[in-house]
Amino acid sequence: MPKRINDTGLRRQRILKSARKVFLEKGFHGATIDDIAIEEGVVRGTILHYYKSKKLLMEAVLEDNDREWEPLMTELINRREIDVRERIDKIFALCEVCFVNEKEESGEPLEQKEEVRFFRDQIRLRNYCRQTEGLTALLEEGVETGEFTIENPGLQAASAMFAVFGITGIDISEEELRIQLQTVKEQLLQSCKYKPKIL
């Protein structure tokens with residue numbers, strides 16, 4: 001019998017973790033509240049006590065995913081003691097970790113389950129928007145410091161992150177993912193006319 005959890009915040013987090021796992025395995029329509037309850041080791045009523053519907057639960061999972069990555073992105077953007085170029089490297093590394101972890105959680109090839117793909121796309125789309133904002137801020141800073149020459153930092157950031165979004169939406173190996181992300185990053189730096197700082 002599972003241990004009773006009296007901490008509401010902890011219970012909510014555990015339910016979200018179980019729901020994310022089930023959604024990634026079965027997709028939104030394929031998953032049921034009962035599946036999530038079984039994964040969490042509680043009765044259906046416990047899940048519905050915290051989240052009144054499956055739709056609200058999915059929205060909470062997506063928001064929780066944002067909370068996981070947003071502080072990391074914000075911290076990277078605000079670390080002005082680190083060169084803009086190095087922070088861009090770290091953003092692409094964060095993308096890699098995010099998408100590799102997501103793949104490992106689902107364990108399913110994308111083309112096998114359309115519902116799983118839809119749920120993953122929702123997560124990736126939210127990350128795309130956040131990372132585009134962060135990359136735009138960094139490129140603008142790079143223009144200010146003279147590291148970059150760019151006419152439209154927002155366009156360059158959106159283009160690079162859209163490429164990342166596309167790459168991570170296909171079923172490729174972790175090694176192929178790393179290579180493709182590196183290629184996108186190099187193309188971004190070339191298009192921004194990156195000039196290393198002279199010490």
Side-chain angles (χ1 to χ4, degrees), residues 20 23-24 61-112 114 116-199:
R20 178 183 165 95
F23 286 144
L24 282 170
V61 169
L62 293 173
E63 286 170 15
D64 189 58
N65 187 74
D66 287 348
R67 281 194 290 276
E68 181 180 344
W69 295 103
E70 194 169 349
L72 297 173
M73 182 67 76
T74 301
E75 181 185 341
L76 277 175
I77 293 163
N78 293 331
R79 296 206 47 205
R80 291 190 172 250
E81 72 276 10
I82 301 174
D83 286 347
V84 171
R85 164 62 197 268
E86 188 176 340
R87 284 181 275 164
I88 288 172
D89 288 342
K90 290 178 185 294
I91 282 177
F92 275 82
L94 185 63
C95 289
E96 180 184 319
V97 169
C98 173
F99 297 122
V100 166
N101 285 349
E102 179 187 302
K103 232 178 162 180
E104 287 172 356
E105 284 179 9
S106 73
E108 292 282 344
L110 287 176
E111 64 270 17
Q112 283 190 5
E114 194 60 36
V116 172
R117 184 182 178 110
F118 173 78
F119 184 69
R120 285 174 137 187
D121 285 348
Q122 297 304 304
I123 293 173
R124 288 173 37 255
L125 184 58
R126 291 170 83 106
N127 284 333
Y128 161 77
C129 294
R130 297 274 193 260
Q131 290 167 355
T132 298
E133 290 170 9
L135 186 55
T136 299
L138 280 181
L139 295 180
E140 288 170 347
E141 183 183 333
V143 170
E144 289 171 20
T145 63
E147 286 181 71
F148 300 127
T149 304
I150 316 168
E151 287 187 31
N152 189 336
L155 179 61
Q156 293 295 335
S159 178
M161 286 296 111
F162 189 75
V164 169
F165 182 80
I167 290 164
T168 57
I170 58 175
D171 190 29
I172 57 176
S173 70
E174 288 180 30
E175 185 57 30
E176 289 173 306
L177 177 63
R178 287 185 184 93
I179 291 167
Q180 292 302 317
L181 288 175
Q182 181 67 27
T183 300
V184 171
K185 183 177 68 174
E186 288 169 4
Q187 289 171 346
L188 170 68
L189 294 171
Q190 283 178 342
S191 70
C192 294
K193 300 178 182 75
Y194 169 65
K195 297 175 280 189
K197 286 184 177 178
I198 298 171
L199 301 176

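Heads up: numbering here begins at 1 and tracks the sequence.
The CD1 atom of Ile77 sits 14.0 Å away from atom NZ of Lys90, with the distance rounded to the nearest 0.5 Å. Annotation: the span from Asn78 atom CG to Thr74 atom OG1 amounts to 6.5 Å, rounded to 0.5 Å. Note: Arg85 CZ to Cys192 SG = 11.0 Å, rounded to the nearest 0.5 Å. Remark: Arg80 CZ to Thr145 OG1 distance equals 9.0 Å, nearest 0.5 Å.
The two atoms that bring Val61 and Arg20 nearest to each other are CG1-CB, 3.8 Å, heavy atoms only. Listed here is the closest heavy atom pair of Val184 and Ala163: CG2-CB, 3.9 Å.
Sequence neighbours left out, not one pair with a member in residues 71-91 passes ring pair (Phe, Tyr, Trp, His ring centres under 6.0 Å).
Between Arg87 and Asp83 no salt bridge is recorded (no basic side-chain N to carboxylate O distance below 4.0 Å). Using a cut-off of 4.0 Å between Lys/Arg side-chain N and Asp/Glu carboxylate O, Arg79 and Glu86 are scored as not salt-bridged.
Using a 3.5 Å distance cut-off with no hydrogens or angles, the side chains of Ser159 and Gln156 do not pair a donor with an acceptor.
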(request) Please lay out, stage by stage, how Leu188 and Leu139 fare under the test side-chain contact (heavy atoms from CB on, under 4.5 Å). (result) CA-CA 10 Å; Leu188 170 68; Leu139 295 180; 4.2 Å; yes

(request) Using the side chain to side chain donor-acceptor pair (under 3.5 Å) rule, take Gln180 and Thr183 through it: C-alpha gap first, then chi angles, then the decisive distance, then the call. (result) CA-CA 5 Å; Gln180 292 302 317; Thr183 300; 4.9 Å; no

(message) Show, in sequence, the C-alpha distance, side-chain angles and deciding distance for Ile91 and Leu138, and conclude whether the side-chain contact (heavy atoms from CB on, under 4.5 Å) test is met.
(response) CA-CA 10 Å; Ile91 282 177; Leu138 280 181; 3.3 Å; yes

(request) Kindly determine whether Ile88 and Phe148 satisfy side-chain contact (heavy atoms from CB on, under 4.5 Å), including the steps that lead there. (result) CA-CA 12 Å; Ile88 288 172; Phe148 300 127; 3.7 Å; yes

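Partner of Phe92 under the side chain to side chain contact (heavy atoms under 4.5 Å, CB included) criterion, out of Lys185, Gln182, Arg178: Lys185 alone.
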